[in-house]
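Structure record follows, encoded as structure tokens.
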Amino acid sequence: MTNLADLNIFNVKIATPAGKTPSRSLKVFEGAISIKDGKIISLTQALPARYEMDGKGMFALPGFVDAHTHIPFVGQRSKEFILRAEGKSYEELLKNGGGIYSTVNLVRKASVEDLVQSAQKHARWLLKAGVTTFECKSGYGLNKKDEIKQLKAIKELSSKIPQNVVATFLGAHAVPPQGEKAYLLELKETLKFVKEEELAEFVDVFCDEGAFSIEFSYELLRYSKELGFKVRAHAEELSGNGFAAMASQIGAVSVDHLLKIKENEIPVLAANKTMAVLMPATSFFLKTDYAPARKLLDNGVYVALGSDFNPGSNTFYSPFFIIHLAVNHLKMSVEEAISAYTLNSAYVLGMSDKVGSIEVGKQADIILLDIPSLDHIPYLPTEETLKIVFKNGRKVFENKDNISW
Ligand code: NIG
Ligand code: FE
């Protein structure tokens, strides 16, 4: 009976974007998901399977894909949070040697194992919130040795957790004491090593006031592309310097944050099919403006969502809460927000042929939600509605609600 599926989830409402390219809408239908060897093999007919599971009318969605996190890191910055609550700004703290620099001091002292251990804890949190694929970045080393250490930790993390992990080199996260000019030379050397050792697929840069200049960022991304990296940028989070359009023109796969993006840049992103990765939890955490998502979407730009989970500017990581913010503050529709947190983020990470939708041939990364309608994701944004997480067809989390009273 080799044709037997491994698992069949029947009596389930499937809600998923379709295909391998960015989407704004979902297909919603009653079905049965048959899984074999970690992949989805049928959605239409319930194939005979070794295990049968009654979906009890629950919603099945693709596992969430977080397109932007700052895992791995160690330590915490709760004092900064309180200072901001009392009125200080993120930029002020960064300028005075806090912010990113304070996490750099801790990460430089940490071992690969320390970083992996901390990242494993965060990966567990993400899994329990339905995230089955996520991006990791370096960026808390700011020198060759400690940036490489972070990338090695990402590689090790990926062998120890069920989720797919995609690595990004963010050596240009904050300007080190030697200044941008000297650092650019050092980064170019590091990049060659990262490429040879295949430690990252993407290169990212923080181009903003208080971080790197446009000239530096442009040259870094241009050089990275030349070496064969895919490139992305933290662009126009704090200041409207026009870098989103510049990065788009050199072929960045995404430009991220975009709170201050100018109207005339939007057609450039649309024409080049550059994804806007928006992270409304950072706006919420820092009490800033939200990105102009509606303007982007209405002018033909595709949007992906991510957490930006990090110890300084945002500690929220739950797609449930972030979809709430996307609907309530970014004015995205529920279907746009779910597409943005699944297929579109998978597309940014170059994984949309494998994950991001519930379709035959894709990895069986599926979450089961006990909700009466999809509106309940933003309306009641608690992970308590998430009952089961499957990764490659294997049940990796179940919310058994085991309270003893
Ligand atoms: O995306 N904008 C720059 N980097 C992060 C913040 C990281 C940190 O503060 O540690 C961000 O918000
Ligand atoms: Fe970020």
Side-chain angles (χ1 to χ4, degrees), residues 66-81 83-84 88-108 110 115 118-119 122 134-142 146-147 150 166-176 202-213 216-217 231-241 243-244 247 252 254-261 275-291 304-317 322 325 345 348-349:
D66 191 336
H68 184 138
T69 87
H70 288 264
I71 298 169
F73 58 84
V74 290
Q76 51 89 16
R77 296 185 353 226
S78 62
K79 278 207 181 87
E80 285 180 16
F81 168 72
L83 286 172
R84 270 196 313 274
K88 280 237 167 18
S89 75
Y90 182 83
E91 292 93 314
E92 251 178 294
L93 295 164
L94 184 65
K95 217 185 289 160
N96 296 322
I100 294 169
Y101 297 109
S102 80
T103 301
V104 169
N105 288 333
L106 298 174
V107 166
R108 284 183 176 176
L115 285 164
S118 170
H122 297 142
F134 62 95
E135 187 238 17
C136 284
K137 296 182 199 287
S138 67
Y140 294 120
L142 306 186
D146 294 299
E147 287 290 323
Q150 276 188 279
V166 175
T168 298
F169 177 73
L170 177 58
H173 195 191
V175 185
F202 291 86
V203 172
D204 191 352
V205 59
F206 184 15
C207 177
D208 225 315
E209 219 166 280
F212 291 92
S213 69
F216 171 100
S217 305
V231 301
R232 311 177 56 173
H234 280 70
E236 306 189 81
E237 179 181 7
L238 311 169
S239 61
N241 60 11
F243 193 67
S254 79
V255 284
D256 303 36
H257 287 292
L258 307 182
L259 272 57
K260 307 282 182 197
I261 190 169
M275 188 79 74
V277 176
L278 305 183
M279 292 160 291
T282 305
S283 296
F284 184 83
F285 197 82
L286 293 180
K287 301 179 285 182
T288 61
D289 301 336
Y290 287 85
L305 287 166
S307 66
D308 197 24
F309 179 65
N310 75 74
S313 68
N314 168 47
T315 57
F316 288 104
Y317 60 86
I322 292 162
L325 295 175
S345 37
V348 169
L349 300 183

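Atoms within a ligand are numbered from 1 in the order they appear, just like the ligands themselves. Only this structure's heavy atoms are used, side chains among them; waters, hydrogens and symmetry mates stay out.
Those atoms of ligand 1 with a heavy atom of Y90 less than 4.0 angstrom away are 6 (C), 7 (C), 8 (C), 9 (O). Short contacts between ligand 1 and R77, defined as distances under 4.0 Å to a heavy atom of the residue, involve ligand atoms 8 (C), 9 (O), 10 (O). Those atoms of ligand 1 with a heavy atom of H257 less than 4.0 angstrom away are 1 (O), 11 (C), 12 (O). The contact set between ligand 1 and E237, taken as ligand atoms under 4.0 Å from a residue heavy atom, comprises 2 (N), 3 (C), 12 (O).
In this structure, the ring of H70 has its center no less than 6.0 angstrom from the ring center of F309.
Atom 3 (C) of ligand 1 has as its closest protein heavy atom F206 CE2, 3.2 Å. Atom 12 (O) of ligand 1 has its closest protein heavy atom at S313 OG, 2.6 Å. The nearest protein atom to atom 5 (C) of ligand 1, hydrogens excluded, is given as H70 NE2, 3.5 Å; this is a heavy-atom distance.
Taking each of N310, D256, T69 in turn, the one with a heavy atom nearest to atom 8 (C) of ligand 1 proves to be N310.
No more than 12 heavy atoms of other residues, nucleotides or ligands shown are found within 6.0 angstrom of CD on E209.
In terms of polar-atom proximity, defined here as any N/O pair under 3.5 Å, T103 makes no such contact with ligand 1. For ligand 1, one of its N or O atoms has an N or O atom of D308 under 3.5 Å away.
Using a 4.5 Å cut-off on side-chain heavy atoms (C-beta onward), F243 and S217 make contact. Counting only heavy atoms from C-beta outward, the side chains of V255 and R232 never approach each other to under 4.5 Å.
Of all the heavy atoms in G139 and V104, the pair that sits closest is O-CG2, 4.4 Å. In plain terms, the two heavy atoms of V205 and F216 that are nearest each other are CG2-CE2, 4.3 Å. In this structure, S307 and T282 approach most closely via the heavy-atom pair O-OG1, 4.0 Å.
Rounding to 10 degrees, one finds that the Fe ion (ligand 2) sits at the corner of an angle of 90° between H68 NE2 and H234 NE2.
Each of D204, N310, T168 was checked for a side chain to side chain donor-acceptor pair (under 3.5 Å) with K137, and the lone residue meeting it is D204.
When distances from the Fe ion (ligand 2) to the N, O or S atoms of D308 are compared, OD1 comes out shortest. Among heteroatoms of the N, O or S kind in H70, NE2 lies nearest the Fe ion (ligand 2).
Contact annotation: for M279 versus ligand 1, there are no heavy atoms closer than 4.0 Å.
Relative ring orientation between H68 and H257 is described as perpendicular, the plane-to-plane angle rising above 60° on a 0-90° scale split at 30° and 60°.
Using modelled atom types, one side-chain atom of E92 and one backbone atom of S89 make a donor-acceptor pair closer than 3.5 Å.
The closest approach between Y140 and ligand 1 falls below 4.0 Å for a heavy atom of the residue. Residue contacts with ligand 1: H173 is included, with a non-hydrogen atom under 4.0 Å away.
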